[in-house]
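Below you'll find the structure, written out as structure tokens, and then a few comments.
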Amino acid sequence: MTTPRRRLTALLSAVAALCAVTSCGIPTTGVVEAGGPASGVVPTVRIHLVADGALVAVPRRTVAPIDIQSVLTILFQGPTPQERRKGITTHLTPSRAVPVPTPTSPSTETPSKAPAPPHPGYSAQVTAISDDLISVTLPPDAGPLTNLAASQIICTTLAAHSLTTPSPTPPRVSLTPPDGDPIQGDTTRCPEPEPTSARATP
């Protein structure tokens, strides 16, 4: 003979089984986040520094979207302390911090001081981009421009361009120093990219 308690237990079991099939409006996969999944991929660019008197391509992780100007700004920041310990250096004048103006209260009657412009030695400036030529200008106090320094800028510019606008025929770079005529260069100044496959250990 079936007791009321057993009938109640059987009924609850049937309801639970029905919910398992129909989900009862409750997702069975846990919390579902809105939007697409984060890829977690951080873009990597190559800047060109100097080691043992020659150019070396050094990877830098940066934020997207990538553009030539932002990569040149990274170049002018120079090598990291770890890279310097490995003998990697730069022939470019290091970048300097950009002054940040102090905000004033809207109720202040005295006009606020105009924000100080970025230090002219902060980075090279991309002034024009076409299919066959990229123009870059150095600020007035960029310091002496050695042949390696010019190659650092030219090769870093071309490496960034290859990421933003891949082309079978890379453009040339026209680099205008503070004093003197523009210097033009192409990929012949640049070291060959390292192979992606790891070299076998003997």
Is it possible for you to say whether L148 and V136 belong to one hydrophobic cluster, with membership spreading through side-chain heavy-atom contacts below 4.5 Å?
-> no
Among T156, L72, L75, L138, find the residue that satisfies the side chain to side chain contact (heavy atoms under 4.5 Å, CB included) test when tested with L92.
-> L75
Could you go step by step and tell me if F76 and I153 meet the side-chain contact (heavy atoms from CB on, under 4.5 Å) rule?
-> CA-CA 9 Å; F76 271 75; I153 298 172; 4.0 Å; yes
Is L163 reachable from L158 through a run of hydrophobic residues whose side-chain heavy atoms are each under 4.5 Å from the next?
-> yes
Find out if a path of hydrophobic residues (ILVMFWY) with successive side-chain heavy-atom gaps under 4.5 Å connects V58 to V50.
-> no
Using the side-chain contact (heavy atoms from CB on, under 4.5 Å) rule, take V71 and T157 through it: C-alpha gap first, then chi angles, then the decisive distance, then the call.
-> CA-CA 8 Å; V71 177; T157 298; over 6 Å; no
Derivation of the side-chain contact (heavy atoms from CB on, under 4.5 Å) call for E83 and L49 | CA-CA 10 Å; E83 290 167 346; L49 300 175; 3.7 Å; yes
Passes side chain to side chain donor-acceptor pair (under 3.5 Å), T44 versus R61? Steps please.
-> CA-CA 4 Å; T44 301; R61 301 178 72 187; 5.1 Å; no
Let me see the working for I129 and I68 under side-chain contact (heavy atoms from CB on, under 4.5 Å), right down to the final yes or no.
-> CA-CA 10 Å; I129 301 177; I68 298 174; 4.0 Å; yes
Does the side chain of I134 reach to within under 4.5 Å of the side chain of S174, using non-hydrogen atoms?
-> no
Side chains of L55 and Q152: closer than 4.5 Å at any heavy-atom pair?
-> yes
Could you give the distance from CG (L145) to CG (L175), rounded to the nearest 0.5 Å?
-> 5.5 Å
Cluster check I47, I88: I/L/V/M/F/W/Y, side chain < 4.5 angstrom = yes
For P178 and P139 the tightest heavy-atom approach is CG-O, 3.1 Å
Interatomic distance, CD@Q69 vs CG@D67, rounded to 0.5 Å, equals 7.0 Å
Heavy-atom check, side chain of H161 versus side chain of P171, under 4.5 Å | yes
Exam field: side chain T146 to backbone A149, donor-acceptor pair closer than 3.5 Å | yes
How many angstroms lie between NE2 in H48 and CD1 in I154, if you round to the nearest 0.5 Å?
-> 11.0 Å
Point-to-point distance, once rounded to the nearest 0.5 Å, from CZ of R84 to NZ of K86 | 14.0 Å
Minimum heavy-atom distance between P79 and T89, given as atom pair plus value | CG-CA, 3.9 Å
What is the distance from atom CZ of R172 to atom CG of D186, rounded to the nearest 0.5 Å?
-> 5.0 Å
If you group Ile, Leu, Val, Met, Phe, Trp and Tyr by side-chain heavy-atom gaps below 4.5 Å, do I66 and V126 land in one group?
-> yes
Distance in Å, R46 CZ paired with C155 SG, rounded so as to fall on 0.5 Å steps = 9.0 Å
